[in-house]
Amino acid sequence: MTFFKFLWLFDTIIVLVTLGCFIFYLFKGPISFSITGTWILVLIVLMITMISAGCLKITQHPAPALLLLLIMSAPGFVYAGLTIALNVFRLKL
């Protein structure tokens with residue numbers, strides 16, 4: 001289950017980056033309740049997904065756990081691929 005551990009680590013990094021962005025947003029300036037609520041909702045969904053994948057793995061359901069982690073990590077892979085492509089080809093947005 002090395003692939004599961006890799007996805008778990010990658011998704012943990014995604015959650016930590018999202019949490020860091022949320023904390024940066026809180027200290028940046030005036031706080032709007034609707035945007036803060038959206039950030040908190042996103043963080044709750046990410047944490048529930050990570051906990052659910054871990055519980056599925058522990059209860060001997062590795063395929064659904066792996067699928068859940070793959071779905072969660074898809075945007076992170078796209079973002080990482082675009083970032084790498086922009087840096088390799090020295091493109092600017």
Side-chain angles (χ1 to χ4, degrees):
M1 267 303 176
T2 306
F3 189 59
F4 180 85
K5 290 179 184 177
F6 170 73
L7 282 177
W8 182 268
L9 178 66
F10 188 73
D11 289 341
T12 303
I13 292 169
I14 290 173
V15 170
L16 290 176
V17 167
T18 306
L19 184 63
C21 290
F22 174 67
I23 291 171
F24 175 75
Y25 165 75
L26 283 179
F27 291 112
K28 183 180 166 201
I31 298 172
S32 168
F33 179 73
S34 62
I35 302 233
T36 303
T38 304
W39 271 100
I40 290 174
L41 182 66
V42 166
L43 288 171
I44 289 171
V45 167
L46 289 174
M47 293 311 254
I48 288 173
T49 305
M50 293 292 291
I51 291 169
S52 299
C55 289
L56 284 169
K57 173 83 164 87
I58 289 171
T59 59
Q60 303 301 319
H61 295 92
L66 194 61
L67 181 64
L68 192 61
L69 289 177
L70 275 171
I71 291 170
M72 185 177 161
S73 64
F77 283 127
V78 170
Y79 179 75
L82 289 174
T83 303
I84 290 170
L86 287 174
N87 286 328
V88 166
F89 296 114
R90 308 250 186 232
L91 300 173
K92 296 193 187 233
L93 295 177

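Remember, it's a predicted structure, so these values are computed and weren't measured experimentally.
The two residues Leu66 and Phe4 make their nearest non-hydrogen contact at CD1-CA, 3.9 Å. Summarising the geometry of Ile14 relative to Met72, their closest heavy-atom pair is CD1-O, 4.2 Å, with the distance given to 0.1 Å. Residues Ser52 and Leu68 approach most closely at CB-CD2, 3.8 Å, considering heavy atoms. Residue Leu56 comes nearest to Ala65 through the heavy atom pair CB-CB, 3.7 Å, listed as atom of the first residue, atom of the second, then distance. Between Thr49 and Val45 the shortest heavy-atom distance is OG1-O, 2.7 Å.
With a 4.5 Å cut-off on side-chain heavy atoms, Phe89 and Ile84 do not count as touching.
Tracing side-chain contacts under 4.5 Å through hydrophobic residues (I, L, V, M, F, W, Y), one reaches Ile23 starting from Ile35; they form part of the same cluster. Leu41 and Leu43 fall into different hydrophobic clusters, where Ile, Leu, Val, Met, Phe, Trp and Tyr residues are linked whenever their side-chain heavy atoms come under 4.5 Å apart, directly or through other members. Hydrophobic cluster membership is shared by Leu69 and Phe77, with clusters built from Ile, Leu, Val, Met, Phe, Trp and Tyr side chains linked at under 4.5 angstrom. Under the 4.5 Å side-chain contact rule for hydrophobic residues, Val17 and Trp39 do not share a cluster. Hydrophobic clustering (ILVMFWY, side-chain heavy atoms < 4.5 Å, transitive): Phe22 and Ile48 are in one cluster.
Screening Phe10, Phe6, Trp8 for a side chain to side chain contact (heavy atoms under 4.5 Å, CB included) with Ser73, the sole residue that qualifies is Phe10.
Separating the CG atom in Leu7 from the OG1 atom in Thr12 is a distance of 10.5 Å, to the nearest 0.5 Å. One distance of note links CD1 of Ile40 with CD1 of Ile44; it measures 7.0 Å at 0.5 Å rounding. Separation of atoms CG (Leu19) and CZ (Phe24) is listed at 14.0 Å; rounding is to 0.5 Å.
Atom OH of Tyr79 has 12 or fewer heavy atoms from other residues, nucleotides or ligands within 6.0 Å.
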